[in-house]
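Ligands are counted one by one from 1 in listed order, and the atoms in each one are counted from 1 as well.
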Amino acid sequence: MVVTRFAPSPTGYLHIGGLRTALFSYLWAKKNGGKFVLRIEDTDKARNSQEATQAILEAFEWLGLKHDGDITYQSQRDDIYAKYIQQLLDEGKAYRCYMSKEELTQIRETQMANKERTKYNGKYRDFKGTVEGVEPVIRIKAPLSGEIIVRDGVKGDVSFQSEDILDDFVIARADGTPTYNFVVAVDDHLMGINEVIRGDDHLSNTPKQIVVYEALGFDLPKFYHVPMIHNSAGKKLSKRDGATDVMAYKEMGYTPAALLNFLVRLGWSYSDQEIFSMDEMMELFDPKDINKSASIYNTEKLDWLNAHYLKNTPNTTLAQFLEEYDLVLASHDKKEILLDELKERAKTLKEMAALVKEIIHTPNSYDAKAVKKAFKEGFVDILNAFASKVESCQELHLPNDYHHLMQEVVDELEIGFGKIGQPLRVALLGKLSGPGLDSVMAIIGREETLLRIHNAISANS
Ligand code: GLU
């Protein structure tokens, strides 16, 4: 059974790079009928926060990514790590190193002065005694020559020369706390994770983790290191480009479906298909198709996808989404006309919410330029002519009903459509842009239409 994981360090919010690897791991597990587990890597007590863990869980909840089983917290597993450290000590695969900080610094400085790679010199590798008054760190015996090959599902075989990248690295600090690469390897094994999909910023950690796996006699998982996301200038994505909190995408008005679709296409493709439902993603995703080069973040693409999903979202769901913007449309009797009209126009839910408000709230001011352009000589007569038609007609429901009345005014006064359209638009919406007027009137209804026309006449004549 395929078991994948997402293993965030809760040092801040969940950003989209992290979410993308979580999504890839989730899809791959689901495609294979496997499990996707969540491990919170909260060993760095100074930098971790409970809020950050909550933020990650909140983002998962919003996006509908469900992890299997209980969450594993590394901070609760000290006993387990201690047991494996002891095992390595007992087997002579790890040892206590009593080197003082000063000596270590001295060695480093000499190596730097000689333009050599800085590494531990192995002084205590075969030391059998103890040194009074020094709390030792524990180092693992790493292979000091030969090569370590990471058999990567995205990058192919990546070979590292041990002497270039390894030394006997620390697996437990002087206070007994285990180090990052050690606990990752132990946990991935104990949690039964056999496919690790993560950012390629971790590739250089993998040889160290392989050293731990091998020392403990664990089977290696399959690794997939996913290239980074770049901005349009080809640089690592920064906050300014959009590497923000996943929940900020919710605030900006993106839907979960659009964001997930956007993310799956950042670094993965399936022929030239752009739109993927969750079911399709689960069916088609395969990490072997992850691109070898960095992917480019593109906001227009996200907007395009979001507009697509908005158009295709049922109105009841849209109304639920809009509740986030303090809009209760459930009881609006023209909800269907309103949302049908706006889902064709808005790129984001935020934009849609703003458009809804523009329509359903009576304007309390009029855009000066629009007034100048639309309220020209004769506009009062035209608006009055239209208003009296509306007054005399009790049964007005659909956009077409209003359209007919506009048409009648145009015919009777022998004017162009613009002559009524422009002043009516400014009267109804306070400005010259916005959705189709016939829809607007059908949405706000007969009484409100009349009220807005009368308000505009008295305010502008
Ligand atoms: N905790 C690491 C991070 O947040 C991920 C570790 C891993 O995926 O192996 O970057």
message = Within the 4.5 Å heavy-atom criterion, are Y84 and L190 side-chain neighbours or not?
response = yes
ask   = Is any side-chain heavy atom of D200 closer than 4.5 Å to a side-chain heavy atom of V226?
value = no
task = Could you tell me whether some N/O pair between R198 and ligand 1 is separated by less than 3.5 angstrom?
result = yes
query = More than 12 non-hydrogen atoms from neighbouring residues, nucleotides or ligands closer than 6.0 Å to NZ on K347, yes or no?
reply = no
ask   = Can you tell me which residue and heavy atom of the protein come closest to atom 5 (C) of ligand 1, and the distance to 0.1 Å?
value = A7 O, 3.2 Å
note = protein heavy-atom neighbour closest to atom 6 (C) of ligand 1 works out as Y180 OH, 2.9 Å
remark   = Quick note on ligand 1: atoms under 4.0 Å from a heavy atom of H202 include exactly 2 (C), 3 (C), 5 (C), 6 (C), 10 (O)
query = Going by the atom numbers of ligand 1, which of them fall below 4.0 Å from some non-hydrogen atom of P8?
reply = 1 (N), 4 (O)
request  = Report the relative orientation of the aromatic rings in F6 and F60; use parallel for angles under 30°, tilted for 30 to 60°, perpendicular for over 60°.
outcome  = parallel
query = Thinking salt bridges, do R39 and E41 make one under a 4.0 Å N-O criterion?
reply = yes
message = I'd like to know whether ligand 1 has F6 as a neighbour, heavy-atom separation below 4.0 Å.
response = no
ask   = Can R5 be said to touch ligand 1, with heavy atoms closer than 4.0 Å?
value = yes
task = Return yes if some donor-acceptor pair links the side-chain N/O of D187 with the main-chain N/O of V184 below 3.5 Å, else return no.
result = no
